[in-house]
Amino acid sequence: MELNSNQIEEILPHRYPFLMVDKITDYEPGKWAKGIKCISANEMQFMGHFPGKHVMPGVLLVEALAQVGAIALLTMEENKGKVVFFGGIKNARFRQQVVPGDVVEMECELEKMVGPVGFGKATAKVNGKVAVAAEISFAVGQ
């Protein structure tokens, strides 16, 4: 199942300039989600990161991964209309730079739920190579 940007905005509360997912390419509620972000030189962060050498900030890539994971949680029937908060990041590894023109393919697989808290493994790839890998936790709120 795919979700376009308008459908994503019906699920996530994030808006410009903080919506970091352009499209969900597939998902299974409560299990996993896959999405893409098309990196453009027109994004605000490139005004300062870095002038003359644009590099996508790693923290924004992790945020994009968390938003993909949030889709997996918020598409569950019992979570519709709720908000998912970032709970934590473990073992984040940044393996290559992401720059304008790149299409980032992201995946977050939920491994465990403990009440309203979820734990997942997330990866972001560019051209099939891992750019970021991390373990992410989420808290489902009201």
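Remember, it's a predicted structure, so these values are computed and weren't measured experimentally.
Here the side chains of Met106 and Met20 are not in contact, with every heavy-atom distance at 4.5 Å or above. At a threshold of 4.5 Å between non-hydrogen side-chain atoms, the residues Glu43 and Met56 count as touching. Side-chain contact check for Met113 versus Met76: every heavy-atom pair is 4.5 Å or farther apart. Side-chain contact between Lys121 and Glu111 is present, with at least one heavy-atom pair separated by less than 4.5 Å. Side-chain contact between Val130 and Arg93 is absent, with no heavy-atom pair separated by less than 4.5 Å. The closest side-chain heavy-atom distance from Pro29 to Met1 is below 4.5 Å. You'll find the side chain of Val68 stays beyond 4.5 Å of the side chain of Trp32, heavy atoms only. Contact of the Val21 side chain with the Ile71 side chain is not registered, since no non-hydrogen atoms from C-beta on lie closer than 4.5 Å.
In this structure, Leu65 CG and Glu63 CD are separated by 9.5 Å, a value rounded to the nearest 0.5 Å. We find the OG1-CD distance between Thr25 and Glu105 to be 7.5 Å, quoted to the nearest 0.5 Å. For the atom pair Leu110 CG and Lys31 NZ, the distance stands at 9.5 Å (nearest 0.5 Å). To the nearest 0.5 Å, atom CD of residue Glu10 and atom NZ of residue Lys80 are 10.5 Å apart. The structure places CD of Gln142 at 9.0 Å from CG of Asn79, a figure rounded to the nearest 0.5 Å. Here the CD-CD distance, from Glu28 to Glu109, works out to 10.0 Å after rounding to the nearest 0.5 Å.
Two different hydrophobic clusters hold Leu60 and Val103 under the rule that ILVMFWY side chains link at heavy-atom gaps under 4.5 Å. Residue Phe85 is not grouped with residue Ile136 when hydrophobic side chains (ILVMFWY) are merged at heavy-atom distances under 4.5 angstrom, including chains of intermediate members. Residue Val62 is not grouped with residue Val99 when hydrophobic side chains (ILVMFWY) are merged at heavy-atom distances under 4.5 angstrom, including chains of intermediate members. In this structure, Val117 is not a member of the same hydrophobic cluster as Val140, with clusters built from ILVMFWY side-chain heavy atoms closer than 4.5 Å. Residues Leu73 and Phe119 do not share a hydrophobic cluster, defined by chaining ILVMFWY side chains whose heavy atoms lie under 4.5 Å apart.
Between the Asp102 side chain and the Val126 main chain, no donor and acceptor come within less than 3.5 Å of each other. The backbone N or O of Asn4 lies less than 3.5 Å from a partner atom in the side chain of Gln7, making a donor-acceptor pair. For His49 (side chain) and Val55 (main-chain N/O), a donor-acceptor pair under 3.5 Å exists by modelled atom type. Using a distance-only test at 3.5 Å, with no hydrogens or angles considered, no donor-acceptor pair links the side chain of Asn91 to the main chain of Ala134. With hydrogens and angles disregarded, a donor-acceptor distance shorter than 3.5 Å links the side chain of Arg15 to the backbone of Glu9.
Between Gln45 and Pro57, the shortest heavy-atom contact is CG-CD, 3.7 Å. The two residues Ile8 and Ile24 come nearest to each other via the heavy atoms CD1-N, 3.8 Å. Nearest heavy-atom pair, Ala131 versus Val98, reported as atom, atom and distance to 0.1 Å: CB-CG2, 3.8 Å. Residue Leu12 comes nearest to Leu19 through the heavy atom pair CD1-CD1, 4.0 Å, listed as atom of the first residue, atom of the second, then distance. In this structure, Gly141 and Lys82 approach most closely via the heavy-atom pair O-CB, 3.2 Å. Between Ala124 and Val104, the shortest heavy-atom contact is CB-CG1, 3.7 Å.
Using cut-offs of 30° and 60° on the angle between ring planes, the pair Phe138 and Phe86 is parallel.
Applying the side chain to side chain contact (heavy atoms under 4.5 Å, CB included) rule to Glu2 yields the partners Lys23; only residues at least two apart in sequence or on another chain are considered.
Around the CD atom of Glu77, the shell of radius 6.0 Å holds no more than 12 heavy atoms that belong to other residues, nucleotides or ligands.
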